[in-house]
Amino acid sequence: MKNIAVIGAGTMGNGIAHTFAQFNYKVHLIDISQTSLDKGIATISKNLDRMVLKEKISAADKIETLSNITTFTILAEGVKNADLVVEAATENTILKTKIFKELDAVCAKNTILATNTSSIS
């Protein structure tokens with residue numbers, strides 16, 4: 001399992017994408033807004049800069065981590081060939097259900113679908 005898709009570029013989504021990318025997974029970060037994607041990548045870059053300053057990773061590690069992330073605004077394109085999809089969208093059950101219905105229609109049968117929530121039981 002090397003191809004990961006993360007839906008949602010907010011705090012949780014960009015953190016999940018960062019962690020997978022840092023461990024050399026190919027990550028597709030997906031959001032409906034290019035502005036949100038740009039902000040998510042900027043946050044990941046800033047967090048990596050802090051790690052470089054603390055000498056936890058090298059500058060080359062930062063570059064490699066960022067190169068492992070590709071952004072998408074179209075869900076079907078972003079999840080294509082994904083082994084694992086992690087949904088980390090806004091805490092809205094209607095939205096999450098809609099996303100999973102679309103994932104069910106476009107993902108391969110063996111794709112693992114996961115969700116992340118901090119407030120939905």
Side-chain angles (χ1 to χ4, degrees):
M1 182 178 340
K2 279 299 210 181
N3 298 311
I4 312 297
V6 178
I7 302 169
T11 302
M12 290 304 298
N14 73 57
I16 293 165
H18 170 166
T19 302
F20 275 117
Q22 188 173 343
F23 288 93
N24 212 30
Y25 289 90
K26 299 304 177 194
V27 179
H28 290 181
L29 183 58
I30 307 159
D31 202 290
I32 59 170
S33 162
Q34 186 61 51
T35 301
S36 294
L37 289 166
D38 294 343
K39 184 177 176 185
I41 294 295
T43 298
I44 293 168
S45 182
K46 182 178 76 172
N47 290 339
L48 290 166
D49 284 338
R50 267 188 264 151
M51 294 177 80
V52 170
L53 280 173
K54 292 180 180 181
E55 298 181 351
K56 294 186 182 265
I57 65 170
S58 68
D61 291 334
K62 175 191 173 183
I63 292 166
E64 183 177 356
T65 297
L66 290 172
S67 74
N68 284 332
I69 303 171
T70 306
T71 60
F72 293 84
T73 56
I74 299 172
L75 184 99
E77 292 177 10
V79 300
K80 188 176 181 179
N81 300 319
D83 300 307
L84 168 67
V85 178
V86 180
E87 175 277 322
T90 302
E91 297 293 290
N92 175 314
T93 55
I94 294 169
L95 174 62
K96 288 178 180 285
T97 301
K98 179 180 178 248
I99 289 169
F100 273 93
K101 284 181 181 176
E102 187 172 349
L103 290 173
D104 188 49
V106 299
C107 289
K109 295 294 180 206
N110 61 338
T111 303
I112 298 168
L113 305 179
T115 188
N116 177 70
T117 182
S118 58
S119 64
I120 299 173
S121 300

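Values in this document were obtained by computation on a predicted structure and should not be read as measured data.
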Less than 3.5 Å apart, which donor and acceptor atoms pair up between the side chains of residues 72-86 and the rest of the protein, not counting sequence neighbours?
unit_1, atom_1, unit_2, atom_2, d
Asp83, OD2, Lys2, N, 3.1
Asp83, OD2, Asn3, N, 3.0

Which pairs would a plain distance check flag for residues 30-44, meaning a side-chain donor or acceptor within less than 3.5 Å of a matching protein atom at least two apart in sequence or in another chain?
unit_1, atom_1, unit_2, atom_2, d
Asp31, OD1, Ser33, N, 3.2
Asp31, OD2, Ala9, N, 2.9
Ser33, OG, Thr35, N, 3.2
Ser33, OG, Ser36, N, 3.0
Ser33, OG, Ser36, OG, 3.4
Gln34, NE2, Asp38, OD1, 2.8
Thr43, OG1, Lys39, O, 3.0

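Residues Met51 and Ile63 do not share a hydrophobic cluster, clusters being chains of Ile/Leu/Val/Met/Phe/Trp/Tyr side chains in contact below 4.5 Å. Both Leu29 and Ile112 belong to a single network of hydrophobic side chains, linked directly or stepwise wherever heavy atoms of I, L, V, M, F, W or Y lie under 4.5 Å apart.
Interatomic distance, Tyr25 OH to Ile4 CD1, rounded to the nearest 0.5 Å: 6.5 Å. For the atom pair Ile99 CD1 and Glu87 CD, the distance stands at 5.0 Å (nearest 0.5 Å). The OG1 atom of Thr19 sits 9.5 Å away from atom CG of Asn14, with the distance rounded to the nearest 0.5 Å. The CG atom of Asn24 sits 10.0 Å away from the CG atom of Asp61 when rounded to the nearest 0.5 Å. The CD1 atom of Ile16 sits 4.5 Å away from atom CG of Asn116, with the distance rounded to the nearest 0.5 Å.
Heavy atoms only, all atoms of each residue included: Ile69 and Ala21 are closest at CG1-CB, 3.5 Å. Scanning all heavy atoms of the two residues, the minimum distance from Val52 to Ser58 falls at CG2-O, 3.7 Å. Minimum heavy-atom separation, Ser45 to Leu66: OG-CD1, 4.1 Å.
Note on residues 97-117: no pairs pass salt bridge (charged side-chain N to carboxylate O under 4.0 Å, His left out), not counting sequence neighbours. For residues 76-121, no pair satisfies ring-ring contact (aromatic ring centres under 6.0 Å, His included), with sequence neighbours left out.
Applying the salt bridge (charged side-chain N to carboxylate O under 4.0 Å, His left out) test to Asp49 and every residue at least two apart in sequence or in another chain returns Lys62. Under the salt bridge (charged side-chain N to carboxylate O under 4.0 Å, His left out) criterion, Glu91 pairs with Lys96, sequence neighbours left out.
Looking at Thr71, Val6, Asn68, Thr70 one by one, the single match for side chain to side chain contact (heavy atoms under 4.5 Å, CB included) with Val27 turns out to be Val6.
Judged purely by distance below 3.5 Å, without hydrogens or angles, the side chains of Thr65 and Gln22 never pair a donor atom with an acceptor atom.
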